[in-house]
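To start, the structure itself, in structure tokens.
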Amino acid sequence: MCGIVGYTGPRQVSRILVEGLKRLEYRGYDSAGIAVQKDVAQAGEPITLIKKTGKIAELRKAVPKDLPGHCGIGHTRWATHGVVNDVNAHPHLDGSGKIAIVHNGIIENYVALKEMLEKEGTVFRSDTDSEVIAHLISYHYDGDLELAVKASLKHLKGTYGIACIHADEPGRIVGARNGSPLVIGVGDGEMLLASDVTAMLAHTKRVVYLNDGEVVSMLPHEFKVSDGDDRVLDPKIDHVAWELGAIEKEGYSCYMEKEIFEQPDSIARALSGRMDFEYGSSKLGGLDLTKKELHAIERVRVIAAGTSWHAGLVGCQLMESVARLPATAELASELRYRNPVVEPNSVYFAVSQSGETADTLYAMREIQRRGSTVLGICNVVGSTIARESAGGVYVHSGPEIAVASTKAFTSQLAAFYLLALLFARMHDMSHHEGVEFLGRLKDVPDLVRGALAQRDTIQAIAKKYSHAKDFLFLGRGLLYPIALEGALKLKEISYVHAEGYASGEIKHGPIALVSPDTPSLFLVPNDYLREKTISNMKEIKARGGPVIAVADEGDELVASIADDYIPVPRTHALFQPFTMVPPLQLFAYFIALELGRDVDQPRNLAKSVTVE
Ligand code: G6P
């Protein structure tokens with residue numbers, strides 16, 4: 001949600017900023033801009049400011065190729081306050097034009113601050129909450145940008161990741177964090193500051209993750225981090241494991257397509273080193289819980305948003321059916337304000353690809369405040385949720401760039417299968433059953449590969465139905481959350497209305513929607529729920545509704561009832577979420593392509609939503 005990048009060093013800054021913003025575009029893409037310090041001797045406006053509505057490509061066109069300057073900041077925006085236009089785009093300048101700031105987050109008391117500053121004679125140019133920060137820093141500035149930033153922060157209420165420069169302090173960038181991520185990139189004679197490591201991966205893998213309340217002041221050869229009480233800290237430098245290739249499209253037409261087809265590998269990574277065949281269990285050292293603590297757990301709660309919530313819904317069904325632990329998954333945005341009862345001996349899992357989703361983070365803090373342990377299931381190493389949780393499981397999907405989550409979802413599922421096995425083996429599951437479970441789990445990457453091999457069939461079916469305005473996605477049991485996920489994917493990237501529903505529930509209302517223009521996509525389980533699902537399919541057919549079925553290969557009966565059939569590799573019913581979700585991801589992808597949508601950056605969305 002909004003991306004920040006800053007650079008100070010010997011190289012031409014404008015190129016590095018535009019290239020960094022391109023890498024961050026998935027965080028927000030309604031407008032973008034850069035502010036570059038002029039070399040001291042230059043006359044005219046002290047800071048070069050270039051802002052453009054639209055994607056980074058528009059900004060790139062507007063930035064002169066030979067723009068001089070070696071220190072600057074950039075921003076890609078996902079609007080919260082103020083419409084999308086050039087003026088509201090970041091960076092924002094103070095009245096003198098000497099201070100430029102970029103901001104992620106929301107300043108909740110900006111109206112009061114604006115009124116105060118206007119009384120002092122400040123003229124505001126934009127409708128944003130962020131501009132107030134530039135003027136506030138200017139108000140406090142007395143020759144030292146770091147001090148002015150610190151003085152200003154005392155007045156800000158809300159969330160922020162900020163980067164700023166001052167024309168009179170060449171080479172210096174000051175950044176501050178409270179609720180919106182900021183990472184320092186430590187280079188060789190150059191420093192970077194960004195909201196996300198992907199913006200700096202081309203330049204350095206040595207990073208420092210800022211904590212809330214910390215301020216960084218950097219020059220090309222040095223940086224200083226201090227806390228809210230002005231104590232200078234000695235932060236740890238981490239090494240980012242991601243390779244640059246992982247954030248390239250590598251021959252695919254878009255990131256989403258690449259990430260869908262990466263799933264056999266990303267799932268294998270999530271499982272790697274964690275399957276313990278000797279004991280028929282899983283090894284999840286990152287949980288950081290003793291055997292005694294694990295044994296004491298009586299119920300599991302999941303908090304998450306969006307696709308991660310769907311993974312949590314599957315995870316909770318597994319906890320119940322495999323590990324016999326009561327489990328529920330809740331939307332983080334609901335839980336936080338509900339005054340939740342936190343039962344003793346519960347463990348909470350905060351599930352988040354980015355590890356930065358504000359709803360999930362705040363819900364997690366609420367639960368921690370009430371004394372319960374929260375573990376993280378995250379993809380991004382060093383993210384806020386990962387750092388603030390007591391322990392957890394990294395899913396190791398590698399960077400996920402497309403806004404619609406795909407490979408992170410299946411890796412989150414893999415983590416839940418490992419967790420369910422771990423708990424099951426501590427209770428009712430035998431060694432033999434554990435080994436059998438692991439044998440099936442080990443096959444999952446191949447099963448997913450097999451499901452993805454249906455690409456051409458799925459593309460043809462997507463083409464056939466691309467005119468439809470509404471879809472129903474239907475599943476039962478473990479496949480109900482997969483139906484929700486399929487519907488969400490379609491909504492997100494094609495803007496076509498889709499509803500995910502439990503197939504047994506359609507007769508209680510949604511069947512009224514069925515018509516020849518409303519296709520129903522069924523996920524057919526291969527256990528005792530198969531026949532019931534087939535009955536539901538017939539109910540739709542009897543009312544003239546087209547039926548698309550995803551079912552095991554060789555299911556002749558389903559093939560004969562459905563108008564269109566997507567066969568997937570046969571597996572045990574417990575593992576069907578893995579074979580069913582890739583076709584749904586591809587279905588959404590091909591419909592979006594047919595409709596000419598921007599698959600990687602769908603309208604109105606952001607990948608990492610750091611505001612509530
Ligand atoms: C946003 C994204 C979704 C994502 C959700 C949760 O809404 O657009 O794709 O599922 O956030 O994100 P998280 O990073 O917490 O998994």
Side-chain angles (χ1 to χ4, degrees), residues 1-3 25-30 78 80 179-181 195-196 198 255-256 259-260 266 270 302-315 329-336 348-365 374-389 392-413 415-416 481-482 484-495 500 581 584-585 588-589 592 597-612:
M1 167 143 299
C2 302
E25 198 168 25
Y26 68 97
R27 293 185 70 99
Y29 33 82
D30 58 46
W78 187 88
T80 57
S180 269
S195 47
D196 187 323
T198 49
Y255 283 109
M256 185 176 179
E259 288 159 9
I260 290 173
S266 52
V302 171
I303 41 181
T307 290
S308 296
W309 178 61
H310 295 155
L313 290 172
V314 174
E330 190 158 355
L331 290 168
S333 54
E334 287 294 312
L335 177 122
R336 184 185 176 199
Y348 281 75
F349 285 96
V351 187
S352 175
Q353 185 285 128
S354 62
E356 302 294 348
T357 300
D359 290 326
T360 310
L361 179 63
Y362 295 150
M364 163 179 172
R365 289 180 181 159
V374 183
L375 302 168
I377 298 182
C378 296
N379 184 35
V380 178
V381 175
S383 56
T384 311
I385 292 173
R387 283 183 301 139
E388 291 193 15
S389 49
V393 184
Y394 276 122
V395 300
H396 300 309
S397 315
E400 193 180 64
I401 310 281
V403 164
S405 183
T406 53
K407 65 173 179 171
F409 177 72
T410 42
S411 295
Q412 289 165 347
L413 290 187
F416 274 116
I482 301 300
L484 295 178
E485 176 60 9
L488 178 64
K489 286 289 88 90
L490 190 64
K491 281 184 273 209
E492 282 178 317
I493 62 167
S494 72
Y495 322 146
V581 80
L584 303 192
Q585 296 165 341
Y589 167 67
R597 309 296 192 223
D598 185 338
V599 172
D600 280 342
Q601 292 166 355
R603 71 179 180 204
N604 302 342
L605 300 182
K607 178 127 193 94
S608 161
V609 184
T610 51
V611 294
E612 274 191 279

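Counting starts at 1 for both ligands and their atoms, following the listed order. What you see below is based on every heavy atom in this structure, not just the backbone, and it leaves out hydrogens, waters and symmetry mates.
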Nearest heavy-atom neighbours spanning [X] and [Y]:
{"X": "I493", "Y": "A404", "result": "CG2-CB, 3.7 Å"}
{"X": "N379", "Y": "E400", "result": "ND2-N, 4.4 Å"}
{"X": "S389", "Y": "L375", "result": "CB-C, 3.9 Å"}
{"X": "K489", "Y": "S405", "result": "NZ-O, 2.8 Å"}
{"X": "G355", "Y": "C378", "result": "CA-SG, 4.2 Å"}
{"X": "V314", "Y": "P481", "result": "CG2-CB, 3.6 Å"}

[atom]: the protein heavy-atom neighbour that sits closest, reported with distance to 0.1 Å:
{"atom": "atom 11 (O) of ligand 1", "answer": "K607 O, 3.8 Å"}
{"atom": "atom 12 (O) of ligand 1", "answer": "T357 OG1, 3.3 Å"}
{"atom": "atom 5 (C) of ligand 1", "answer": "A305 O, 4.0 Å"}
{"atom": "atom 7 (O) of ligand 1", "answer": "V609 CG2, 3.8 Å"}
{"atom": "atom 8 (O) of ligand 1", "answer": "A606 O, 3.0 Å"}
{"atom": "atom 3 (C) of ligand 1", "answer": "E492 OE2, 3.9 Å"}

Atom indices of ligand 1, in the order listed, that fall short of 4.0 Å to a heavy atom of [X]:
{"X": "S352", "result": "13 (P), 14 (O), 15 (O), 16 (O)"}
{"X": "S308", "result": "13 (P), 16 (O)"}
{"X": "T307", "result": "10 (O)"}
{"X": "Q353", "result": "13 (P), 14 (O), 15 (O), 16 (O)"}

Exercise. N/O to N/O below 3.5 Å, does that happen between S354 and ligand 1?
Worked result: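 Min N/O separation from ligand 1 is below 3.5 Å for S354.
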Exercise. Does ligand 1 have any atom that is closer than 4.0 Å to a heavy atom of V403?
Worked result: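 Under 4.0 Å: yes for V403.
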Exercise. Does at least one non-hydrogen atom of E356 fall below 4.0 angstrom from an atom of ligand 1?
Worked result: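 The answer is no, since E356 has no heavy atom less than 4.0 Å from ligand 1.
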Exercise. Any chance the side chains of D196 and T198 put a donor and an acceptor closer than 3.5 Å?
Worked result: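 D196 vs T198: donor-acceptor pair found between side chains.
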For this session: Classify the side-chain pair Q353/S308 by whether it contains a donor and acceptor separated by less than 3.5 Å.
Result: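 Checked: Q353/S308 side chains show no N/O donor-acceptor pair below 3.5 Å.
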For this session: Report the distance from atom CG of L484 to atom NE2 of H310, rounding to the nearest 0.5 Å.
Result: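 Result: 4.5 Å between the selected atoms.
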